[in-house]
Amino acid sequence: MTHLERSRHQQYPYHMVLPSPWPMLLSFSLLALALSLGLTMHGYIGNMNCVYLGLLVTTLTSVFWFRDVITEATYLGDHTIAVRKGINMGFLLFVLSEVLIFAGLFWAYFHSAMSPDIVLGASWPPVGITAVQPTELPLLNTIILLSSGATITYSHHALICRNRSKALSGLFITIWLIIIFVSCQYIEYTNATFTITDGVYGTVFYAGTGLHFLHMVMLAVMLIICYWRMKTYQLTSTHHVGFETTILYCHVLDIIWLFLYIVFYWWGV
């Protein structure tokens, strides 16, 4: 961008995004990942090499794209108040799409759970399936996740009050709580007496909790990036939109997990 173009650009508060290869490349990599995953699951591809390649390209493209976004926000000063409002609105729409996905999974769960037919043994959980007990590992996970919501709120408040040490310590504790949660979820899956192929119960249970598991892994990555940016003085008390969206993401996942815990573990036993 020339000096004249940048001077014109600064006449209004919006960010005119420069041409970038990442959106197109990410679109094709996601398409390739979805197709290769579907074809592999149905036996048309005999190995996982195409899936791994799709995951690799998708991950690298996302890394390079977010690198450019961080550069625009931190070093170029392109993220004005108007741009930050737009980013927040876009993230809210993304969160809404996630909530609707989980709403569909709850719908599928209630469809079979509230009136189980004779194929399921007229009971829920179906005959032959031993459900995960809600007072064991899931209860511990719920406490851990709610604690992470408290610690990340503490970190956010400390950052606003310009207390950098407390903000970093609160975020550090949150990261480890999320890692512990994911590890406990993995232990639960490896010790469960049923799999995703065990009828509608196994399918819906692992689809709901497994999707939340993947979101928690994404949240852990987002928190680590926020910690690195805070550590390198890229986040300030008045300019930390990436941290704010991550906090919102964390709280939404906390609420979704509460519904999952109540419905899938307590009510569904």
Side-chain angles (χ1 to χ4, degrees), residues 34 37-38 40-43 48 51 55 95-152 173-223 249-269:
L37 185 61
T40 302
M41 292 175 65
H42 288 83
M48 295 286 290
V51 176
L55 282 173
V95 168
L96 177 61
S97 68
E98 297 294 303
V99 172
L100 293 176
I101 291 174
F102 279 99
L105 291 172
F106 280 112
W107 189 316
Y109 188 90
F110 282 122
H111 176 77
S112 297
M114 298 186 72
S115 58
D117 57 22
I118 193 64
V119 178
L120 303 176
S123 65
W124 192 263
V127 176
I129 290 183
T130 303
V132 180
Q133 295 303 308
T135 56
E136 297 177 354
L137 201 54
L139 179 60
L140 175 62
N141 256 355
T142 303
I143 297 173
I144 291 172
L145 197 57
L146 294 179
S147 300
S148 70
T151 55
I152 198 171
I173 295 172
T174 304
I175 291 172
W176 276 107
L177 287 175
I178 298 301
I179 292 175
I180 294 172
F181 176 89
V182 172
S183 301
C184 290
Q185 194 75 24
Y186 176 77
I187 294 173
E188 176 188 314
Y189 288 158
T190 55
N191 289 276
T193 58
F194 58 94
T195 65
I196 195 172
T197 60
D198 288 330
V200 64
Y201 182 86
T203 300
V204 178
F205 177 87
Y206 282 103
T209 59
L211 184 62
H212 187 270
F213 173 87
L214 293 177
H215 282 74
M216 294 304 297
V217 174
M218 292 168 54
L219 176 63
V221 175
M222 294 166 66
L223 290 171
Y249 197 54
C250 179
H251 290 322
V252 170
L253 289 178
D254 288 353
I255 296 173
I256 291 175
W257 174 258
L258 284 177
F259 281 99
L260 285 171
Y261 178 69
I262 294 171
V263 175
F264 281 39
Y265 292 97
W266 271 103
W267 183 83
V269 174

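Computed from a prediction, not measured in an experiment: that's the story for all the values here.
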Between the main-chain N or O of [Y] and the side-chain N or O of [X], is there a donor-acceptor pair closer than 3.5 Å?
| X | Y | value |
| --- | --- | --- |
| Y186 | F213 | no |
| T174 | I152 | yes |
| T151 | I173 | no |
| Y206 | F194 | yes |

Gap between atom [atom2] of [Y] and atom [atom1] of [X] - 0.5 Å precision:
| X | Y | atom1 | atom2 | result |
| --- | --- | --- | --- | --- |
| L55 | M48 | CG | CE | 7.5 Å |
| W267 | I262 | CH2 | CD1 | 12.5 Å |
| L219 | I178 | CG | CD1 | 5.0 Å |
| E98 | L253 | CD | CG | 8.0 Å |

Inset, instruction - Measure the shortest side-chain to side-chain distance between T195 and D198 over non-hydrogen atoms and say whether it is less than 4.5 angstrom. - result: yes

For [X] and [Y], which heavy atoms make the closest approach, and how far apart are they?
| X | Y | result |
| --- | --- | --- |
| Y261 | P134 | OH-O, 2.7 Å |
| A131 | Y201 | CB-OH, 3.4 Å |
| T190 | I187 | OG1-O, 2.9 Å |

Inset, instruction - Take H212 and F259, measure what side-chain contact (heavy atoms from CB on, under 4.5 Å) needs, and give me the verdict at the end. - result: CA-CA 11 Å; H212 187 270; F259 281 99; over 6 Å; no

Legend entry - Candidate pair S148 and D254, rule side-chain contact (heavy atoms from CB on, under 4.5 Å), full reasoning: CA-CA 9 Å; S148 70; D254 288 353; 4.2 Å; yes

Inset, instruction - Quick one: do T203 and V200 satisfy side-chain contact (heavy atoms from CB on, under 4.5 Å)? Show the steps, please. - result: CA-CA 5 Å; T203 300; V200 64; 5.5 Å; no

Legend entry - Side-chain H-bond candidate by donor/acceptor type, Y189 with T209, under 3.5 Å: yes

Inset, instruction - Kindly say whether the aromatic ring centers of Y109 and F205 come within a distance under 6.0 Å. - result: no

Inset, instruction - Show the numbers, then the answer: is there a side-chain contact (heavy atoms from CB on, under 4.5 Å) between V132 and E188? - result: CA-CA 8 Å; V132 180; E188 176 188 314; 4.1 Å; yes

Throw together a table of side-chain donor-acceptor distances under 3.5 angstrom for residues 135-146, partners on residues two or more places apart or in other chains.
| residue | atom | partner | partner atom | Å |
| --- | --- | --- | --- | --- |
| N141 | ND2 | Q185 | OE1 | 3.2 |
| T142 | OG1 | P138 | O | 2.8 |
| T142 | OG1 | W257 | NE1 | 3.0 |

Inset, instruction - For H251, check side chain to side chain donor-acceptor pair (under 3.5 Å) against everything at least two apart and list the hits. - result: T153

Legend entry - Parallel, tilted or perpendicular: ring planes of H215 versus Y249, cut at 30 and 60 degrees: tilted

